[in-house]
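In the text below, chain A, chain B and the rest are named by the order of the sequence lines, each starting its count at 1. Please read these numbers as outputs of a predicted model, since none were measured by experiment.
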2 protein chains.
Amino acid sequence: MPKLRQLVNRSDYPPACSQCALRKSDAFSPVSDAQLRYIEAMRSDRIGYSAGSHIKPENQRATALYTLYSGWAFRFKTLSDGRRQILNFLLPGDLIGLQEQFSDGPSHGVDAITEVTLCVFPLTKLWDLFRDHSGLAYSVTWLAAREESNVDENLLSAGRRNASERIAALLLHLHRRATHLGLADLADNGSIAFPLTQSHIADALGLSLIHTNRSLRKLHLAGLHHIEGGRLTILNPKALERLSEYYDQPTRQVPLI
Amino acid sequence: MPKLRQLVNRSDYPPACSQCALRKSDAFSPVSDAQLRYIEAMRSDRIGYSAGSHIKPENQRATALYTLYSGWAFRFKTLSDGRRQILNFLLPGDLIGLQEQFSDGPSHGVDAITEVTLCVFPLTKLWDLFRDHSGLAYSVTWLAAREESNVDENLLSAGRRNASERIAALLLHLHRRATHLGLADLADNGSIAFPLTQSHIADALGLSLIHTNRSLRKLHLAGLHHIEGGRLTILNPKALERLSEYYDQPTRQVPLI
DNA sequence: CGCATTGTTGATCTCCATCAATAATTGTGG
DNA sequence: CCACAATTATTGATGGAGATCAACAATGCG
């Protein structure tokens with residue numbers, strides 16, 4: 001699973017920060033010119049990974065701080081007999097490797113689901129960022145807190161929701177996040193690209209693969225959603241919300257990218 | 001469940017920050033005099049809550065940022081039919097209300113387990129702290145990241161460990177945290193105060209109360225641990241570690257208190 | 001000392017895991 | 001472009017970990 005280095009000239013190759021496609025989405029709050037220049041100077045590289053590759057092994061500390069520019073990834077932990085728990089999914093704009101800068105215990109792995117591209121920020125400059133650009137430091141903390149709230153929600157699912165409720169909550173959660181990033185196809189019932197396999201879903205929700213399949217199928221047969229050709233369409237949001245008691249609200253993202 | 005306001009002159013009443021008992025523990029990294037003065041000036045109040053009281057309701061935003069000075073508390077979410085999931089336990093030095101400053105979605109409640117005392121920091125000054133004291137801002141982010149890693153670990157339990165493994169992991173985790181804070185009684189096999197009821201354990205691990213009781217009992221009968229008179233003693237750490245595959249390491253806390 | 005909370009144990013049921021097998025889909029090299 | 005391999009999805013059958021129902025004991029508190 002090699003890194004992809006031949007990214008230049010591809011449409012998903014991260015451009016200059018001032019041209020950042022993410023920033024054009026209204027999911028991201030504005031930054032000043034000075035902040036933009038600082039980010040641009042801080043960014044040391046842009047790299048890509050192919051679908052399914054390991055961005056960061058579970059037992060190894062990140063050597064840099066990354067922003068996910070395009071594609072989907074996930075954080076996970078595994079037990080020694082191979083049981084895997086996906087902690088949360090990473091979408092464009094999310095940070096990778098922040099936790100490691102702030103704790104020295106065991107960590108988590110990060111795998112790419114689709115092909116991804118990342119912007120690289122050297123760790124050594126993180127302290128400088130806190131010192132020189134408190135607004136950006138605030139954004140970093142904002143991202144960390146938001147990620148935790150995603151994990152909180154997932155823990156509520158794994159701990160207290162049954163299989164159907166977990167799936168309903170996850171589908172709505174991911175659909176909302178992708179839509180919020182402007183990734184929904186409005187001409188197609190607001191469908192979003194959905195690259196997860198059922199195995200990803202099972203490992204995120206703490207279910208077996210087979211039971212995940214049956215529960216997913218049940219929701220599909222009940223007409224609540226539709227997954228086909230790598231795209232997810234929410235057909236009955238009300239019913240899904242009732243199942244999951246879904247009620248979290250979109251938030252305005254403060255970007256570091 | 002009223003607040004306790006009559007705290008002055010009690011031994012657990014938070015003193016001046018320069019005399020902070022927490023800081024004397026080597027779990028906390030040193031801060032400069034200037035930082036100390038800033039924290040002291042930022043702190044607007046000290047309050048107490050009785051055991052079992054609600055520090056923050058689930059649906060209401062925190063009106064301030066708090067540091068837990070003494071006692072135990074927990075963060076939780078509930079579904080509308082009452083199913084409750086405890087997200088993590090809060091021990092002295094932990095922050096309360098940070099997430100709310102950084103997201104506007106639904107949140108979590110915070111309840112006191114024992115009687116607790118808190119130091120209060122006005123929200124409005126958080127931005128100032130980031131601007132004027134990047135070292136402290138870094139600490140805040142550090143605390144947020146560490147809390148997330150606690151939730152990560154709990155999610156691994158709820159999602160992929162069986163009942164005995166979950167309990168083993170939780171007991172070790174709490175014992176380690178308390179010991180790290182200097183709360184262990186070295187003259188008594190390193191036992192720690194353990195104010196959780198089995199109901200707390202069940203809700204933290206995503207188990208039923210009854211099954212929690214049985215599993216806990218099994219570990220006790222196997223001689224792995226001992227809980228009595230509100231104290232926990234780890235009798236066979238090796239066996240508990242084997243059960244839970246426990247391997248996370250202590251970290252040096254950067255305090256904001 | 002009475003009442004409420006917390007802990008313990010048994011019996012039964014069910015949701016979900018596991019085992020097993022087959023279709024559908026995707027990817028790949030010839 | 002097709003044949004073949006490898007993933008991924010689907011369905012059935014069976015078993016078990018843990019939920020639920022029901023009591024009762026122990027502890028603690030006002």
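Each of B:Asp94, B:Ile96, B:Leu87 was compared with B:Arg75 under the side chain to side chain contact (heavy atoms under 4.5 Å, CB included) criterion, and only B:Leu87 meets it.
In this structure, the CG atom of A:Leu221 is 13 Å from the C1' atom of D:dA9, given to the nearest Å. If you take NE2 of B:His211 and C1' of C:dC15, they are 13 Å apart, rounded to a whole angstrom. Separating the CD1 atom of B:Ile201 from the P atom of C:dT8 is a distance of 10 Å, rounded to the nearest angstrom. Between B:Ile227 atom CD1 and C:dG7 atom P the separation is 9 Å, expressed in whole Å. When the P atom of C:dG10 is taken as reference, atom NZ of B:Lys218 falls 13 Å away, rounded to whole Å. What separates CZ of A:Arg217 from P of C:dT22 is a distance of 19 Å, to the nearest Å. If you measure from atom CD of B:Glu228 to atom P of C:dT8, you get 11 Å, rounded to the nearest angstrom. As a whole-Å value, the separation of A:Arg160 CZ from C:dC15 C1' is 15 Å.
One finds a side-chain N or O of A:Asn213 lying less than 4.0 angstrom from the OP1 or OP2 phosphate oxygen of D:dT10. Applying the 4.0 Å criterion to OP1 and OP2 of D:dT7, one finds that A:Gln198 has every side-chain N and O outside that range.
Checked by atom type, the side-chain pair A:Ser107/A:Glu100 shows a donor-acceptor distance below 3.5 Å. Counting only N and O atoms by type, the side chains of B:His200 and B:Gln198 include no donor and acceptor under 3.5 Å apart.
Checked against the 6.0 Å centroid threshold, A:Phe76 and A:His108 do not count as a close aromatic pair.
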As a quick check of understanding, evaluate salt bridge (charged side-chain N to carboxylate O under 4.0 Å, His left out) for A:Arg161 and A:Glu153, giving each step before the final call. CA-CA 11 Å; A:Arg161 286 198 254 241; A:Glu153 181 65 24; 2.5 Å; yes

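Contacts of A:Thr197 with the nucleic acid, taken as non-hydrogen atoms under 4.0 Å apart, involve only primed sugar atoms and P, OP1 or OP2. If you check every strand for non-hydrogen atoms under 4.0 Å, B:Ile210 touches a base. Among the protein residues, A:Gly230 comes within range of no part of the nucleic acid, since none of its heavy atoms lies under 4.0 Å from any strand.
When the nearest nucleotides of DNA chain D are assigned to B:Ser164 and A:Leu196 by heavy-atom distance, the more 5′-ward of the two goes with A:Leu196.
At a cut-off of 3.5 angstrom, the base of C:dG7 holds no donor-acceptor pair with the side chain of B:Arg214.
The side chain of B:Ser208 lies closest to D:dA19 when the candidates are D:dA19, C:dG7, C:dA17.
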